[in-house]
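A, B, ... follow the sequence lines: proteins, then strands. Residue 1 opens every chain. Treat the numbers as computed from the prediction; the structure is a model and nothing was measured.
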Amino acid sequence: MAASATPTGEEVQTPAAYEGTTSRRPTTHGRLTPWLFLAPYLTLFTVFVIAPIVYGAWISLHRYDYTLPGKPFVGLDNYLTLLRPGSITFDIFWDSMQATVIFTVTSVPLLLVIPLLVALVMNRSFPGRNVFRAVFFAPYVLGVAVVAVLWRYLLDRNIGLVNYYLDAIGLPGDIAWTTSVPAAWVALVGVTVWWTLGFNAVIYLAGLQDIPRELYESARVDGANGWQQFRHVTLPGLRPVLSFVTMVTIIASVNMFGQSYLMTEGGPGRATRTAIYQIAETGLRNYQMGSASAMSYVLTVFLMLLSLGVFWLFRERKG
Amino acid sequence: MSLETDPDRLEAGQIRGTTDAPPPAEDRSAGQGRGAGRKVLTYAVLIVLALIFISPLIFMVVTSFKTRAEAGAIPPSWIPNPFTTQAYETILNASGTPVLRWFGNSMLAALANAAIVVTTSALAAYALARMRFAGQRIVFGLIIATLFVPPVILIIPNYLIVGELGWLNTLLAVIVPTAASAFGVFFMRQFFLGIPVELEEAARLDGANQWQTFWRVVLPLSRPALATLALLSFLTNWNDFLWPIYVLFSPEIQTLPAGLSTLQSANAVRYDLLMAGAVVASVPVLVLFVFLQRYLIEGVARSGLKG
């Protein structure tokens, strides 16, 4: 039975290892064994995660065009151009950052609050609850391509369902949902909420079910009404879940791409072209990879600052 | 019955059939009439919301069975008249839009990706959960740290790396790079840590080595986690959009989401065709969802909470 990659001597180590450690974890193995288990993953991880992080920083220091032979070192030039008002790169990048901010600031609050309301309702017990849960979650399993193509149809100015029903209930029925702002933002945010609401709701729901019922009972005994129970039991109980959902939602919103690419094509003009969209186009369509890499590092710094802000916001507070 | 009975208990009751789950004791004698009223209201609101919520998907399917003229007609109809599969026949046969080929590409890519994620993650996670070795903390720390690295950092350099490997415009480009899943390792490690060590110790006492313990004891116990990870990886890969549209150029090598964008730019006003394409791209994930939704939703909830 001892036929394995582990060197002999394993057997000898066994009793000592069991006695000699305070942990209950078995620690008997050859020195090579863990690395053999890790090797397939670490190979992928090194080539497609670690190396690109370093490589990307290196690319950002060069005038790097995939299609041209020379890739001269330019130091921080790509970054400085991003910070120099008036340059073309400055304009397209910061316009796209502005689009990203508009989308994030408008979609995140909705994606935090609406799914919470849905989860609060779903947390009540009633027959058929799982069916509703499934209905609200279903759009999330569809890809952004399906979602965007579908909604571009529904939001079509002339033959779309949305304008037709708006008209039917007496509201303006000729809104150019995908070709004018701010309507395009309403469309992009609305579609995103419809698409991803279920994801956040499910995570909230799991969090709600972890809040001990006794807390609600004692709050009721103390005379707390529904709102007070929500404020003093539900919200504090959800804090770890809330911080997770906030973080995930912000990251997803900052990474918005497909909705804009397929529904508005970044338009009108470049109004809804987000930062990721701009980075992909600069790097992978125009092959200005040095510039695009610099953009991606600047965006990453922003994301990290934002994450720190969220951590700070949800830190454990005394009292 | 009160609206505020223990959700877990009721859920368990629903699974097993309500007979063996005794009705929870009523903890409030007052307010039962009000409770019933609220229940009706909750239902009404929920049903209306659910209908609005799901109607876009219904309309997508309905439109895919309409003629070109009816798909662009006002007022919109909810029942195709005449009912036709013309749109499907058109997209399946049109030379510029090999939808069946895209379907095959997506299926192959998503299955291969899920298989690689599950295999490499489970192996690595077992080493990290159950073995002691020099450098363990560094390896685990590094993997966890990359969970916080935004994917945008990887797009440009990975394009170049994939190019160096000669994988551009091949399915390998959409199968392999995204298989380095830090989430997968983290997810499986959490699961392995929850398995009682005693089971493995028993196997070890019977003379099994580390590999045999992993293969015969740990893996069989991990089926739910492995299935959840496979499902999530499949979904992610099947639906991936940004990466495929930039690394796959030829019409016949595209995946369905990338193909759908081609279909849209080529047939901007042929909504019958676009909806048929969207349905084809949705069917596998919706079928998976219908059969495994409970599993999937719980997988999402669990991975979210531990993340």
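In this structure a side-chain-to-backbone donor-acceptor pair under 3.5 Å is missing from A:Tyr261 to B:Leu242. Between the side chain of B:Gln264 and the backbone N or O of A:Leu262 there is at least one donor-acceptor pair closer than 3.5 Å.
Using a 4.5 Å cut-off between heavy atoms, A:Trp58 makes no contact with chain B at all. Proximity to chain A involves both the backbone and the side chain of B:Val176, based on heavy atoms less than 4.5 angstrom apart. Of the two parts of B:Tyr126, only the side chain, counted from C-beta on, holds a non-hydrogen atom closer than 4.5 Å to a non-hydrogen atom of chain A. For a residue to count as touching a neighbouring chain, one of its non-hydrogen atoms must lie under 4.5 Å from one of that chain's; by this rule A:Val47 touches chain B with backbone and side chain alike. Contacts between B:Ala258 and chain A at a heavy-atom distance below 4.5 Å are absent for every atom of the residue. Only the side chain of A:Phe257 comes within less than 4.5 Å of a heavy atom in chain B; its backbone stays farther off. Looking at B:Leu235, only its side chain comes within 4.5 Å of chain A, counting heavy atoms on both sides. With a 4.5 Å cut-off on non-hydrogen atoms, B:Val290 does not touch chain A at all. For A:Ile50, the part sitting under 4.5 Å from any heavy atom of chain B is the side chain, from C-beta outward, and nothing else. In this structure, chain B has a heavy atom under 4.5 Å from the backbone of A:Asn158, while its side chain stays farther away. Within the 4.5 angstrom heavy-atom criterion, only side-chain atoms of A:Tyr165, from C-beta onward, approach chain B. Residue A:Leu208 does not touch chain B at all, counting heavy-atom pairs closer than 4.5 Å. A:Tyr164 touches chain B through its side chain: at least one heavy atom from C-beta onward sits under 4.5 Å away, while N, CA, C and O do not. Heavy atoms of A:Leu150 lying under 4.5 Å from chain B belong to its backbone as well as its side chain. Heavy-atom distances place the side chain of A:Met304, and not its backbone, under 4.5 Å from chain B. In this structure, chain A has heavy atoms under 4.5 Å from both the backbone and the side chain of B:Ser282. Proximity to chain A is absent for every atom of B:Leu288, based on heavy atoms less than 4.5 angstrom apart. Heavy atoms of A:Met247 lying under 4.5 Å from chain B are absent altogether. For B:Ala182, the parts lying under 4.5 angstrom from a heavy atom of chain A are both the backbone and the side chain. For B:Trp243, no part lies near chain A; criterion is any non-hydrogen pair under 4.5 Å.
The minimum heavy-atom distance linking B:Ala301 with A:Val202 is given by the pair CB-CG1, 3.7 Å. Closest of all the heavy-atom pairs between A:Val49 and B:Ala180 is CG2-CB, 3.9 Å. Here the closest heavy-atom approach between residue B:Phe133 and residue A:Pro34 is recorded as CD2-CB, 3.3 Å. For the residue pair A:Ile59 and B:Pro157, the shortest heavy atom distance occurs at CD1-CA, 4.0 Å. Across all their heavy atoms, A:Pro40 and B:Thr120 have their closest contact at CB-CG2, 3.8 Å. In terms of heavy atoms, B:Ile116 sits closest to A:Leu44 at CG2-CD1, 3.7 Å.
Taking 4.5 Å as the limit, some side-chain heavy atom of A:Trp194 sits within range of a side-chain heavy atom of B:Pro56. Using a 4.5 Å heavy-atom cutoff, the side chains of B:Thr119 and A:Tyr41 are not in contact. With contacts defined as side-chain heavy-atom distances shorter than 4.5 Å, the pair B:Met60/A:Val146 qualifies. Put simply, the side chain of B:Tyr271 reaches to within 4.5 Å of the side chain of A:Asp156, judged on heavy atoms. Proximity of B:Trp211 to A:Leu36: side-chain heavy atoms (C-beta onward) are nowhere separated by under 4.5 Å. Between A:Tyr140 and B:Ile297, every side-chain heavy-atom pair lies at or beyond the 4.5 Å cut-off.
Heavy-atom pairs under 4.5 Å with chain A were tallied for B:Val285, B:Val152, B:Ile153; the largest tally goes to B:Ile153. Contact count versus chain A (heavy atoms, under 4.5 Å) is highest, among B:Ser261, B:Pro151, B:Ala124, for B:Ala124. Among the candidates B:Ala278, B:Ala50, B:Pro177, B:Ala127, the residue making the largest number of heavy-atom pairs closer than 4.5 Å to chain A is B:Pro177. Ranking B:Pro150, B:Ala134, B:Pro257 against chain A, the residue ahead of the rest is B:Pro150, based on heavy-atom pairs under 4.5 Å. Options B:Ile155, B:Ile245, B:Val45 differ in how many heavy-atom pairs under 4.5 Å they form with chain A, and the most are formed by B:Ile245. Here B:Ile47 is the residue among B:Leu263, B:Ile47, B:Val162, B:Val247 with the most heavy-atom pairs under 4.5 Å with chain A.
Within a 6.0 Å sphere centred on OH of A:Tyr216, other residues, nucleotides and ligands contribute more than 12 heavy atoms. When the shell of 6.0 Å around CH2 of B:Trp215 is examined, it contains 12 or fewer heavy atoms from other residues, nucleotides or ligands.
Atom CE of A:Met289 and atom CG of B:Leu160 lie 4.5 Å apart (nearest 0.5 Å). Separating the OH atom in A:Tyr153 from the CE atom in B:Met275 is a distance of 7.0 Å, to the nearest 0.5 Å. Taken to the nearest 0.5 Å, the OH atom of B:Tyr43 stands 6.5 Å off from the CZ atom of A:Phe132. Taking CD1 of B:Ile143 as the reference point, atom CG of A:Leu38 lies at 6.5 Å (rounded to 0.5 Å). The distance from the CG atom of A:Leu154 to the OG1 atom of B:Thr63 is 7.5 Å, given to the nearest 0.5 Å. In this structure, A:Tyr55 OH and B:Leu154 CG are separated by 13.5 Å, a value rounded to the nearest 0.5 Å.
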Could you go through the side-chain contact (heavy atoms from CB on, under 4.5 Å) check for B:Ile156 and A:Leu284 one step at a time? CA-CA 7 Å; B:Ile156 307 289; A:Leu284 306 180; 4.1 Å; yes
Apply side-chain contact (heavy atoms from CB on, under 4.5 Å) to B:Val185 and A:Phe45, showing your working. CA-CA 11 Å; B:Val185 173; A:Phe45 182 69; over 6 Å; no
Under the side-chain contact (heavy atoms from CB on, under 4.5 Å) rule, what do A:Glu281 and B:Tyr246 come out as? Steps first, then yes or no, please. CA-CA 9 Å; A:Glu281 289 290 305; B:Tyr246 288 107; 2.6 Å; yes
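Between A:Phe136 and B:Phe53, the two ring planes are perpendicular [angle over 60°; tilted spans 30° to 60°]. Using the six-membered ring where Trp is involved, A:Phe37 and B:Phe214 have ring planes that are perpendicular, over 60° apart on the 30 and 60° scheme.
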